[in-house]
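Each remark here refers to the structure printed beneath this line.
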Amino acid sequence: MSQKLVVGNWKMFGSRAMAAELLQLLRDANLPSVVCPPYPYLLMAADLLAGSAVKVGAQDLEYRDEGAYTGEVSGPMLRDVGCSHVIVGHSERRALYGENDALVVEKVRAALRHGLTPVVCVGEHLEQRQRGLAKRVVLDQLNAVINGIGAESFARVLVAYEPVWAIGSGVAATLDDVAEMHVAMRAALRDANCDGVALLYGGSVKPDNAGQLLSLHAVDGVLVGGASLVADSFLRICSAAK
Ligand code: 13P
C-alpha cells in the first residue's frame with residue numbers, strides 16, 4: 001500500500017508546554033504527517049519540525065492579505081511562520097462562525113494564492129443523513145469549491161470528508177458509509193476533471209480504527225482531532241498510514 005496522509009487538527013487545545021513536548025516527540029519519530037496547532041504555537045511548531053517529515057498547517061485563515069481586520073490571520077502570515085497547509089471550512093467554522101460556501105471559496109483561493117495547501121472539509125449533519133440528504137449536501141459543498149476556483153486550481157486542494165455526527169462522538173462512520181461517500185466524491189471529481197485530488201476521512205479516527213479506514217482503497221488519508229493531541233495515538237495512526 002502506498003503512503004497515505006495523516007493530518008492532525010489540535011483544535012483549541014494545548015498549551016506552550018504541551019505543544020513543545022508533543023512536537024518534540026513527533027519530530028523524533030519523524031513519520032510523514034501534518035500537524036495543525038492553534039495559531040500561537042505555529043511558529044514554534046515550524047521551527048521545531050523544520051527539516052523533518054512533519055509539516056505544519058493552520059486551522060483557518062482570513063482570505064484578505066492584510067488590513068484592519070482585528071483578530072484575523074492571513075495567508076502571507078501563515079507562510080511567513082512556516083506553514084505549508086491550512087484547514088478550510090471545518091464544520092465547526094461553518095456551524096459556530098457562520099462560514100458558508102462562498103467564504104470557503106474565498107479562503108481556498110487565498111490559501112492557493114500564497115502557496116498553502118488547503119484541506120477543505122465537507123460533511124453532512126446527522127439530521128441531513130437521516131433525511132437521505134448526505135450525498136447531496138457533501139457534493140454541493142464540494143462542487144461549490146470546484147466551481148468557485150476552477151478544476152485546474154482544485155488539483156492543488158486536499159478534501160476531507162468529515163460527517164459532523166462522527167466528529168468528537170467516539171463513533172466513526174462505518175467503513176461502508178465512508179467508502180460509499182468517497183466513491184461518490186471521486187465520481188464528482190472525475191466529472192469535474194480533477195481526479196487526482198486526495199480524499200481524507202475525519203471523525204473519531206483513533207489508533208484502533210485507523211488501520212481499517214486507511215486500508216479502504218477510496219480513502220487517501222485521515223484528518224484526526226482528539227487523537228492527534230496524544231503522541232502515542234497520533235504516531236500509531238501515522239504508522240498505520242505507511
Ligand atoms: P475527532 O477526531 O476528535 O472526532 O475530530 C475530527 C475533526 O474534526 C478533525 O478535524
Side-chain angles (χ1 to χ4, degrees), residues 4-14 18-19 22 26 33-39 41-42 45 54-61 78 83-99 104 107-108 111 116-126 128-129 134 137-138 141-142 145 157-175 177-178 181-182 185 197-214 216 219-241:
K4 300 207 171 183
L5 189 63
V6 181
V7 181
N9 174 11
W10 293 11
K11 308 194 180 187
M12 199 175 71
F13 290 104
M18 169 273 192
L22 177 50
L26 300 187
S33 54
V34 181
V35 284
C36 304
Y39 287 133
Y41 311 128
L42 287 175
V54 187
K55 299 195 163 103
V56 179
Q59 299 172 19
D60 185 29
L61 82 167
L78 297 180
C83 290
S84 57
H85 291 68
V86 60
I87 296 170
V88 180
H90 191 280
S91 63
E92 286 148 20
R93 301 294 318 168
R94 293 181 192 255
L96 303 172
Y97 302 96
E99 290 196 7
V104 170
K107 290 186 172 193
V108 171
L116 295 158
T117 300
V119 183
V120 178
C121 299
V122 295
E124 82 285 359
H125 288 265
L126 181 59
Q128 292 167 323
R129 172 161 285 266
V137 168
V138 168
Q141 290 173 342
L142 191 61
V145 181
V157 166
L158 303 174
V159 174
Y161 168 54
E162 296 206 305
V164 179
W165 44 272
I167 294 176
S169 68
V171 184
T174 65
L175 297 178
D177 284 344
V178 175
M181 188 62 82
H182 278 233
M185 292 194 295
V197 169
L199 297 178
L200 318 187
Y201 166 78
S204 294
V205 176
K206 309 286 176 203
D208 58 3
N209 62 13
Q212 280 190 310
L213 287 161
L214 286 161
L216 291 176
V219 171
D220 302 310
V222 285
L223 178 53
V224 185
S228 72
L229 294 162
V230 179
D232 179 61
S233 300
F234 190 65
L235 290 172
R236 280 163 65 199
I237 295 169
C238 293
S239 298

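Both counts, for ligands and for their atoms, begin at 1 and track the order of listing.
The closest side-chain heavy-atom distance from P38 to Q59 is below 4.5 Å. Contact check for M181 versus V138: side-chain heavy atoms found under the 4.5 Å cut-off.
Looking at ligand 1, you'll find an N or O of K11 within less than 3.5 Å of one of its N or O atoms. For G225, a nitrogen or oxygen atom sits less than 3.5 Å from a nitrogen or oxygen atom of ligand 1, counting backbone and side chain alike. Checked against a 3.5 angstrom limit, the closest N/O atoms of S204 and ligand 1 fall inside it. In terms of polar-atom proximity, defined here as any N/O pair under 3.5 Å, E92 makes no such contact with ligand 1. For a threshold of 3.5 Å applied to N or O pairs, the pair formed by G226 and ligand 1 contains at least one separation below that value. Residue V224 places no N or O, backbone or side chain, under 3.5 Å from any N or O of ligand 1.
Under a 3.5 Å cut-off, the side chain of S204 and the backbone N or O of A166 do form a donor-acceptor pair. Although no hydrogens or angles enter the test, the distance criterion places a donor-acceptor pair under 3.5 Å between the side chain of Y39 and the main chain of D60. With hydrogens and angles disregarded, a donor-acceptor distance shorter than 3.5 Å links the side chain of D220 to the backbone of L199. E162 places no side-chain N or O within 3.5 Å of a backbone atom of G123 that could act as its donor or acceptor partner.
Residue contacts with ligand 1 do not include G202, since none of its heavy atoms lies under 4.0 Å from the ligand. Taking 4.0 Å as the cut-off, G168 counts as a neighbour of ligand 1 on heavy-atom distance.
Residue L223 has at least one heavy-atom neighbour below 4.0 Å for each of these atoms of ligand 1: 9 (C), 10 (O). Less than 4.0 angstrom separates some heavy atom of N9 from each of these atoms of ligand 1: 9 (C), 10 (O). Every atom of ligand 1 is numbered from 1 in the order shown, and the set under 4.0 Å from a heavy atom of E162 is 6 (C), 7 (C), 8 (O), 9 (C), 10 (O).
At a 4.0 Å heavy-atom cut-off, ligand 1 touches I167 through backbone and side chain alike.
The one candidate from K107, R94, H90 that meets the side chain to side chain donor-acceptor pair (under 3.5 Å) condition with E99 is K107.
Ring geometry for Y161 versus H182: interplanar angle over 60°, hence perpendicular rather than tilted (30 to 60°).
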